[in-house]
Amino acid sequence: MADPLKAFDFRRDSTTSDFSFNRDSEASFYGSNGYLQFSANGQSAAPDNGETEPIDENLLGNGQNFSLRDWNKVGTSVSVPGNITAADGSSKANKITENGAKGEHRFSQSVSVRKGESVTISIYAKAGTKSKVQFSFLKADSYTGGSPAIKFNLATGSLISKSTNVISYEAIDSGNGWWLLKVTGVPDLGSDSGLHLYMLSENNSISYQGDSKYVYAWGAQLTQGTSSTARVAATAGGLRFNYDLSNSTPKMVGALIEPAGTNLVPYSQLLTHASWRKQYATLVTNSGKAPDGTATAFKIKEDRSSAQHYIMPYPTMASSNGSTYTFSAFLKAAERKWAFFNINGVTVHFDLANGTIGNYNNIFTPYIESAGNGWYRCSATFKVSSSSTSAKIGCEKSNGSPSYAGDGNSGVLVWGAQFEKSNQLTSYIRTQSGKASRSADKLVLTKPSASSFDVFIQRTDGGTWINNSTTSFEVPTTGSPLQLVNFYSSDITVSAKDDTVQDLFPPAYQNVGISNTLVTMMDNLFMAQTPNKSWSLQQAQNKNSPIFRFQVNSGDKWSGDVGNVKDKERCEFYMKNADLPFDKDVWLSYAIKIAPGSILNLLPVEWCYLGQMHATEDKGEMSTGPVLGFRLEGSDTISAYTASSLENPIKTAPKYIFRGSSKFARGVWHKVVVRMRFSPTKGQLQWWQNGKEIINISNIGMGYVDRLGPYWKFGIYRSAVSPTLTVEYANMEVEYNSSLFSRVAQPLVIA
């Protein structure tokens, strides 16, 4: 793995401050307290007085200097030595020293909060001669069960205990021994609160005999409601650090660096307004907490009609013919667990119990993400074909059945609709009487000392390399959270880039779907043929390349092969509606990695294809095998075979001719380029592996006298044999209108 010249890790909010950031508007993100939050205008400069105040509202006074009178000290003294580096790189860390008395050793600050709404406290802390602390809320009478608290060992980075009324907590390693501690609770009994930081004895008690030991602390913050939590200007620079809310504990995934956007739906949260039409349904208010933690959710309550039960922005929304838009809303299961969008007469369906997508029209690219606490943000991206767009949000009894006789009470919860001119979902923008906009995030990273450098950018949905940068780098905007930006020497090789990205971000696989699932890769459409096992066909969700993983175990059969005379197993993609031409250059370029495993001891009549150009049979012809096939043999040998025939129609099985082979060491990526010309008599074949030419032959038989040319299939297609076989493919390209010869010397990076 190559060493970076400079690294920016945005998976934690104490990343280096060697950048500038700006955004001129409010913007939303999922916060560490498990709710949607709204950040004020972004900024990166500290106030003129030199204090590093929080970007969003911090209810605490002097959150960075605990020696001031805002803070109550019990059994402790606080100083700012000036020679202890804080989490932001400044020299403003506080030293908290216990006195020699017996009792509590702490500092605290009390504030008023809003009863019944979540509150998050945060602080940076570091072990000194003492390492155990308790971080907790003030005013036990305001919380059922007492003050929410955690006990934490700063030396080992381990949680000692937490109280049962802690809604969520997080301990983030912020480097140089600093830990960012965050705790969220709900003051359900009162409005008095605040925070404590206690020093603990070795047996974890808050009351003990002191002996002048100390810890370090800095950057305390208390926020509530829709305010951002635990973000400090000097370390975060105004960035929105987005959290994954799909599990019980929110997990920081990266910073949002988004383009400008506009929500075209008026009254996006006030769905009872007259600008929302209710059809065979009513809206029930105060139906529980909304995604932002406020009691503003609504329920779409169906009536007893036999019809679709929905709400919709009315009148219809203006749109630009031929442009791509994304419609979204926050939805949560109630009596009904299924919901639908009906956009311009076509539908997409969402399972709100399991957070999955149901049936949908293929004009849509649907998406669903957890918004915490049972809420999901559902979206559909599509190209409009008129100057106005109708968008209905409704409940349904089952997948794909939006029209039914309602019971007069059931429904789903709804909140926060958005209609934006965008090819992907972006962060939510709240509106009132008209449209509202979010300005673009502008993040500029200071360049390294090198005159020229390459940049690797990793977002949650994949990575990108940018070559030969020479100035401070402005990060491109996108809807996916930014995780990492590293600068590397410009002489780093493609192979080193692949290895580096693999080490930093191993593929995170998810199931592609059942047989006949359609997937677009490198501008070509492919359809899956899979045994429908959870392991059969998966795609790396954190890669742009893209990367697919195929696995066939003994007995894994595609339904289309069941009942055939030949016993065979497969998991493949085949090129949909793409018959390739005869007598014209056809190019393949891809990377392949065969997982370590058992040797294939194949009989002469057995086979294991990892890629094949399959003939498109004419009517009345016998079914034939590939005109060009790449077979795995033994442990790590891939051999190329061709077939041809002048019969028309084909009634006799053609013979397969061996054309060449090469070793493909298992467990590593190999870059492959193939040039083909299909012809029964004048075929051509060139095959390169890792820049080396393996085959170059002309005037061979490679094809049949067919009306339509062959099509490409890749994956695993084999005789029924016992060993499990796993193969990964990346950057699959098929091209016949232009050459891919440049990929021989300059293969695509796997990122």
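Being a predicted model, the structure only gives us computed values, none of them experimental.
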Does the gap between the ring centers of [X] and [Y] come in under 6.0 Å?
X: Tyr376; Y: Phe350; value: no
X: Phe135; Y: Tyr169; value: no
X: Phe241; Y: Tyr243; value: no

Return the [atom1] to [atom2] distance between [X] and [Y], rounded to the nearest 0.5 Å.
X: Lys289; Y: Trp375; atom1: NZ; atom2: CH2; value: 13.0 Å
X: Ser205; Y: Glu104; atom1: OG; atom2: CD; value: 9.0 Å
X: Asn65; Y: Asn94; atom1: CG; atom2: CG; value: 5.5 Å
X: Ser136; Y: His196; atom1: OG; atom2: NE2; value: 5.5 Å
X: Leu425; Y: Ile368; atom1: CG; atom2: CD1; value: 11.5 Å
X: Thr431; Y: Tyr267; atom1: OG1; atom2: OH; value: 9.0 Å

Sub-3.5 Å donor-acceptor pair from the side chain of [X] to the main-chain atoms of [Y], do we have one?
X: Asn165; Y: Thr144; result: yes
X: Ser370; Y: Leu245; result: yes
X: Asn542; Y: Thr460; result: no
X: Asp441; Y: Glu258; result: yes
X: Asp461; Y: Asn544; result: no
X: Gln64; Y: Asn62; result: no
X: Ser439; Y: Ser25; result: yes
X: Lys543; Y: Phe505; result: yes
X: Lys130; Y: Leu200; result: yes

**Report entry** Passing option when Phe330 is tested against Phe298, Tyr35, Trp415 for ring pair (Phe, Tyr, Trp, His ring centres under 6.0 Å)
**Finding:**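 Filter result, single survivor: Trp415.
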Query raised in the report: Should the ring pair Phe38 and Tyr428 be called parallel, tilted or perpendicular, given that the plane angle runs from 0 to 90° and is split at 30 and 60?
Result: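 Perpendicular.
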Report task. For the pair Phe137 and Tyr143, name the ring-plane relationship: parallel under 30°, tilted 30 to 60°, perpendicular over 60°. Result ->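 Tilted: the ring planes of Phe137 and Tyr143 meet at 30° to 60°.
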Going by heavy atoms in the side chains, are [X] and [Y] under 4.5 Å from each other?
X: Leu36; Y: Tyr30; result: yes
X: Lys126; Y: Ser174; result: no
X: Val444; Y: Glu474; result: yes
X: Val475; Y: Phe19; result: no
X: Ser118; Y: Ile167; result: no
X: Leu5; Y: Tyr488; result: no
X: Tyr216; Y: Leu154; result: no
X: Glu98; Y: Asp211; result: yes

Query raised in the report: Does Lys251 pair with Asp244 as a salt bridge, N-O distance under 4.0 Å?
Result: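 The answer is no: the pair does not qualify as a salt bridge.
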Requested in this report: Could you tell me whether Arg430 and Asp292 make a salt bridge, using a distance below 4.0 angstrom between a side-chain N and a carboxylate O?
Outcome: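 Salt bridge: no.
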Report task. Would you sort out whether Tyr124 and Leu180 count as a side-chain contact (heavy atoms from CB on, under 4.5 Å), showing the intermediate values? Result -> CA-CA 4 Å; Tyr124 290 89; Leu180 174 58; 3.7 Å; yes
Might you confirm whether atom [atom1] of [X] has over 12 heavy atoms from other residues, nucleotides or ligands at distances under 6.0 Å?
X: Gln541; atom1: CD; value: yes
X: Lys162; atom1: NZ; value: yes
X: Lys139; atom1: NZ; value: no

**Report entry** Over all atoms of both residues, closest heavy-atom pair of Glu170 and Ser32
**Finding:**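 Of all heavy-atom pairs spanning Glu170 and Ser32, the closest is OE1-CB, 4.0 Å.
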Looking only at side chains, do [X] and [Y] share a donor and an acceptor under 3.5 Å apart?
X: Arg438; Y: Ser427; value: yes
X: Thr249; Y: Ser168; value: no
X: Thr296; Y: Gln269; value: no
X: Ser379; Y: Gln418; value: no

Requested in this report: Apply side-chain contact (heavy atoms from CB on, under 4.5 Å) to the pair His105 and Asn99, showing each step before the final yes or no.
Outcome: CA-CA 8 Å; His105 306 273; Asn99 62 22; 3.3 Å; yes
Query raised in the report: Taking it one step at a time, do Trp218 and Ile84 satisfy side-chain contact (heavy atoms from CB on, under 4.5 Å)?
Result: CA-CA 11 Å; Trp218 177 84; Ile84 306 298; over 6 Å; no
Report task. Start with the C-alpha distance between Asp141 and Asp192, add both sets of side-chain angles, then the distance that settles side-chain contact (heavy atoms from CB on, under 4.5 Å), and finish with yes or no. Result -> CA-CA 8 Å; Asp141 291 345; Asp192 293 330; over 6 Å; no
Report task. Cation-pi check, Lys6 to Phe487: give yes when NZ or CZ is under 6.0 Å from the six-membered ring centre and within 45° of the ring axis, no otherwise. Result ->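 Ring-cation test returns no.
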